[in-house]
Amino acid sequence: MTTTPQAVRRASPRARRTVTPPDPARSLLPDAEPVRLLAQDGTPLPARADYPEPAAEVLHELYRRMVLGRRFDTQATALTKQGRLAVYPSSRGQEACQVGAVLAVRDTDWVFPTYRESMALVARGIDPVEVLTLLRGDWHCGYDPTEVRTAPQCTPLATQCVHAAGLAYGEAYQGRDTVALAFIGDGATSEGDFHEGVNFAAVFKAPVVYFVQNNKYAISVPLSRQTAAPSLAYKGVGYGVPSEQVDGNDPVAVLAVLTRAVAHARAGKGPFLVEAHTYRMEPHTNADDASRYRDGAEVDAWRDRDPVARLETYLRARGVLDDAAVAEIAEQAEAYAADLRTRMNAQPAVDPLSLFDHVYAEPTPQLIEQREQVRAELAAAHAEEGDA
Ligand SMILES: Cc1ncc(C[n+]2csc(CCOP(=O)(O)OP(=O)(O)O)c2C)c(N)n1
Ligand SMILES: [Mg+2]
């Protein structure tokens with residue numbers, strides 16, 4: 001027997017309830033509260049069947065890379081003061097996000113980072129000197145994107161969201177199970193490219209994980225002036241994309257949530273959106289004075305939610321880390337920073353004309369003209385030097 005709408009209206013209230021179709025938006029919405037597996041002080045919270053805790057050796061490696069990542073970050077900031085780096089956007093405080101996210105993907109997956117993700121890139125195993133080449137002002141990108149399957153860091157906000165959708169679609173089209181992980185900031189979710197990328201990925205079921213690090217500020221603009229949405233994760237529902245929010249300073253939760261999001265994308269179910277609630281402890285870059293737009297009490301409150309200390313406390317209590325292991329990892333981090341310092345002190349020879357290479361596969365007439373202009377200026381400067 002087929003059920004007509006009239007029959008439904010005539011049926012008893014109980015029968016009517018049974019034929020009400022489920023709300024498709026409901027399954028896409030994130031939990032009302034961010035997923036959290038460790039309390040702020042590092043004590044474990046009740047386990048969740050939907051977000052199984054990663055294995056102990058994976059958490060040990062997560063901790064190790066977070067410690068190295070933080071040391072890298074401090075060293076990079078110091079290099080700006082020594083004039084070795086033009087600019088550096090620190091991700092101190094965001095270690096759980098930076099490292100947890102890249103640990104959730106395979107080497108054969110693709111990562112689409114922004115300027116904020118230098119720590120994520122070194123956690124992915126890319127040479128730190130190559131990572132810092134862009135910020136030293138030497139080149140567009142210091143690593144070979146195809147070799148490390150990591151796109152150049154994007155400074156134009158949100159453009160990586162469309163690149164990730166296109167690459168992921170292309171990979172799936174060719175029958176590969178590659179996932180694209182696209183990092184994005186809270187502020188950049190207001191950009192058209194974010195919405196276009198998420199929409200394209202959803203319509204064409206492109207395997208992309210959009211990972212929003214909500215660090216509460218877009219330079220000086222606080223989240224309250226950025227959006228009226230109850231959560232940035234809610235931005236997925238309008239495009240038919242399932243989403244989740246996570247405590248971005250809980251490394252165990254970040255890795256668990258990202259692992260599930262990546263599995264969703266890899267299984268051919270389309271994109272997934274994760275919002276991580278975190279905080280940028282340092283100014284936007286070394287060129288910014290954060291005291292002009294946020295007060296010290298706010299920063300101090302987030303200091304108490306430090307992700308590295310939280311994981312260390314937990315792993316010590318579980319017997320995964322002890323004093324000797326912590327000291328050994330700290331030593332590794334010092335050696336890593338010393339090596340970075342030494343290699344960054346060597347001044348590379350950069351050909352100014354290489355600026356025009358690889359902008360397009362075929363240079364445009366304008367580029368050819370500009371290249372010629374620079375070449376002529378360099379030749380004139382050399383001739384002058386020769387005369388002097
Ligand atoms: C298309 C575009 N508009 C503006 C800028 C200038 N800009 C650089 S960083 C930034 C703030 C971005 O904030 P958010 O997305 O929250 O990332 P965060 O820096 O906090 O990691 C802005 C407006 C830019 N780089 N690109
Ligand atoms: Mg931000």
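Counting starts at 1 for both ligands and their atoms, in listed order.
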Report task. Could you tell me whether D109 and R266 make a salt bridge, using a distance below 4.0 angstrom between a side-chain N and a carboxylate O? Result -> yes
> Are D339 and R343 within salt-bridge range, i.e. N to O under 4.0 Å?
Replying inline: yes
In ligand 1, which numbered atoms sit nearer than 4.0 Å to a non-hydrogen atom of [X]?
| X | result |
| --- | --- |
| H284 | 9 (S), 19 (O) |
| G187 | 14 (P), 15 (O), 16 (O) |
| P156 | 26 (N) |
| N215 | 18 (P), 20 (O), 21 (O) |
| A218 | 11 (C), 12 (C), 13 (O), 16 (O) |
| I219 | 10 (C), 11 (C), 22 (C) |

Checklist entry - Protein heavy atoms: any of them under 4.0 Å from atom 6 (C) of ligand 1? => result no
Nearest-contact summary for [atom] - protein heavy atom, Å:
| atom | answer |
| --- | --- |
| atom 25 (N) of ligand 1 | T155 O, 2.9 Å |
| atom 21 (O) of ligand 1 | R116 NE, 3.0 Å |
| atom 15 (O) of ligand 1 | A188 N, 2.8 Å |
| atom 18 (P) of ligand 1 | Y115 OH, 3.5 Å |

Answer yes or no for N214: is there an N/O/S atom below the 2.8 Å cut-off from the Mg ion (ligand 2)? no
> N/O/S atom of N215 under 2.8 Å from the Mg ion (ligand 2), yes or no?
Replying inline: yes
The answer for which part of Y217 has a heavy atom under 4.0 Å from ligand 1 is backbone
Practice problem: Please determine if R71 forms a cation-pi arrangement with Y336, meaning its NZ or CZ atom is less than 6.0 Å from the six-membered ring centre and no more than 45° off the ring axis. | Solution: no
Item to complete: Assess R305 against Y279: is NZ or CZ under 6.0 Å from the centre of the six-membered ring, and within 45 degrees of the ring's axis?
Response: no
Other residues, nucleotides, ligands: >12 heavy atoms within 6.0 Å of [X] [atom1]:
| X | atom1 | answer |
| --- | --- | --- |
| R318 | CZ | yes |
| E369 | CD | no |
| E33 | CD | no |

Paired with Q213, the side chain to side chain donor-acceptor pair (under 3.5 Å) test is passed by just one of E117, H277, E275, namely E117
- If you measure every N/O of L157 against every N/O of ligand 1, is any gap under 3.5 Å? yes
Do any N/O atoms on R280 end up under 3.5 angstrom from N/O atoms on ligand 1? no
- Query: Shared ILVMFWY cluster between L68 and I126, side chains joined below 4.5 angstrom?
  - Reply: yes
*Do the side chain of R116 and the main chain of S90 share a donor and acceptor less than 3.5 angstrom apart?*
yes
### Query
Is there a donor-acceptor pair closer than 3.5 Å between any side-chain N or O of T77 and the backbone N or O of D73?
yes
Looking at D186, the N/O/S atom that lies nearest to the Mg ion (ligand 2) is called OD1
